[in-house]
Amino acid sequence: MTAAILDGKALASQLREETAEKVARFVGEYQSAPCLAAVLVGDDPASEIYVRNKQRACERAGIESRLHRLPAKTTQDELLSLIAQLNQDTSVHGILVQLPLPKGLDEKQVLDAVHPLKDVDAFHPENVGRIAQGRPRFLPCTPHGIQQLLLRNGIPIAGKHVVVIGRSEIVGKPMAMMLVQRGDGGDATVTVCHSRTKDLRAVTRLADILIVAIGRAKFVTADMVKPGAVVVDVGMNRTEEGLFGDVDFGPVSEVASWITPVPGGVGPLTIAMLLENTVEAARLMRGKEPTG
Ligand code: NAP
């Protein structure tokens with residue numbers, strides 16, 4: 001079997017067009033654009049690139065983007081004071097704090113300080129709680145992108161056994177929470193694996209859909225995949241030989257029915273969903289009901 005490609009790049013471009021239409025409607029109604037404020041502390045080169053890409057994508061969709069750049073020696077109080085100011089600013093709809101923060105800053109405290117209605121990454125405990133209860137305000141960008149990739153390629157989720165490898169707050173845990181909810185894009189039977197999972201291969205071979213987010217290049221090999229499974233690779237591992245996912249793409253694509261490439265799979269969807277959440281945040285500030 002040679003797996004069909006789950007083309008995240010193409011879907012992201014379609015999603016960005018849909019968002020741009022929503023932005024145009026918002027501008028038509030309120031004569032101002034949704035606005036995302038990004039906070040970048042320090043000079044980590046990868047973070048610089050991520051923030052620049054997010055800003056460009058905002059601009060292309062008609063979303064205003066503002067960058068607040070702070071030096072690496074910024075104190076916790078200074079950062080919290082900027083967040084408080086952005087929370088108050090009614091012209092800012094979404095706040096994005098680029099992670100990781102430099103050593104010495106308390107990431108959790110900073111993320112908790114972002115107003116839940118402006119929390120476009122969906123990291124605030126109130127938003128995470130809402131996802132757990134099946135009444136989300138915002139969905140976290142990477143898992144939301146993956147869910148859309150499955151849905152819009154007509155891949156059945158209900159009743160399927162999904163195995164998620166990785167239990168991070170950003171990908172693994174919210175992904176599992178979303179897929180286990182009742183209704184469209186959910187109703188899966190979900191198993192979450194991590195570094196303490198015993199006999200990982202025996203578990204992954206049970207998966208109808210295998211979602212991998214661990215951060216180890218080519219970790220998932222063909223013998224870990226059930227023939228015909230759908231494989232979603234979240235990993236982005238920069239090595240001397242280039243950029244690789246967490247899945248050994250060539251051999252696994254001989255076993256799987258569908259597979260995401262790296263790059264061009266999950267990555268582009270993450271930014272597309274950030275734009276979507278920013279428009280949603282702007283609508284919420286205007287008193288609109290969440291579009292769900
Ligand atoms: P993370 O916070 O680094 O967590 C890694 C998870 O993998 C942990 O739960 C860890 O288990 C588990 N793990 C590590 N080694 C394992 C092993 N040998 N067997 C089973 N589980 C193992 O991960 P993350 O932030 O979710 O990122 C994961 C990858 O996705 C990274 O490559 C990252 O760059 C990429 N990523 C991509 C996007 C995108 O937009 N494409 C977005 C976010 C992340 P423990 O909990 O037991 O330590």
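Please read these numbers as outputs of a predicted model, since none were measured by experiment. For ligands, and for the atoms within them, numbers begin at 1 and follow the listed sequence.
In terms of protein heavy atoms, atom 40 (O) of ligand 1 is closest to T270 OG1, 2.7 Å. Closest to atom 17 (C) of ligand 1 among all protein heavy atoms lies F219 CZ, 3.8 Å. Summary of contacts: the protein heavy atom closest to atom 5 (C) of ligand 1 is I214 O, 3.5 Å. Considering only non-hydrogen protein atoms, atom 31 (C) of ligand 1 sits nearest to G215 CA, 3.6 Å. In terms of protein heavy atoms, atom 43 (C) of ligand 1 is closest to V171 CG2, 3.7 Å. Closest protein heavy atom to atom 15 (N) of ligand 1: R216 NE, 3.4 Å. The nearest heavy-atom contact from the protein to atom 37 (C) of ligand 1 is V234 O, 3.1 Å. Looking only at protein heavy atoms, the nearest one to atom 34 (O) of ligand 1 is M236 O, 3.5 Å.
Atom 9 (O) of ligand 1 lies below 4.0 Å from at least one non-hydrogen atom of the protein.
Note that the CG atom of L96 and the CD atom of Q55 stand 10.0 Å from one another [nearest 0.5 Å]. In this structure, SG on C141 lies 4.5 Å from CG on L274, to the nearest 0.5 angstrom. Distance OG/S253 to CG/D233: 11.5 Å, rounded to 0.5 Å. Taking NZ of K118 as the start and CG of N277 as the end, the distance is 15.0 Å to the nearest 0.5 Å. H124 NE2 to R137 CZ: the interatomic distance, rounded to the nearest 0.5 Å, is 9.0 Å. Remark: R16 CZ to L269 CG distance equals 9.5 Å, nearest 0.5 Å.
Between the side chains of H93 and T278, no donor-acceptor pair of N or O atoms lies under 3.5 Å.
For ligand 1 and I165, the ligand atoms under 4.0 Å from any heavy atom of the residue are 20 (C), 21 (N). Near G166, with a cut-off below 4.0 Å to any heavy atom, the atoms of ligand 1 are 6 (C), 7 (O), 9 (O). The contact set between ligand 1 and G267, taken as ligand atoms under 4.0 Å from a residue heavy atom, comprises 40 (O), 41 (N). Shown in contact with N237 at under 4.0 Å from a heavy atom are these atoms of ligand 1, numbered in order with element: 32 (O).
Looking at L269 against ligand 1, nothing comes within 4.0 Å, counting heavy atoms.
Residue-to-ligand polar distances place S195 within reach of ligand 1: an N/O pair is separated by less than 3.5 Å.
The environment of NZ in K9 is sparse: at most 12 heavy-atom neighbours from other residues, nucleotides or ligands sit within 6.0 Å.
A salt bridge links R69 to E48: one of the charged nitrogens lies within less than 4.0 Å of a carboxylate oxygen. With respect to the salt-bridge test (charged N to carboxylate O, under 4.0 angstrom), the residues E59 and R56 do not qualify.
Under a hydrophobic-cluster definition in which Ile, Leu, Val, Met, Phe, Trp and Tyr are linked whenever side-chain heavy atoms come within less than 4.5 Å, directly or via other members, V262 and V231 are assigned to different clusters.
Evaluated by nearest non-hydrogen atom to atom 4 (O) of ligand 1, the leading choice among G8, C193, A46, S168 is S168.
Not a single heavy atom of T197 lies less than 4.0 angstrom from ligand 1.
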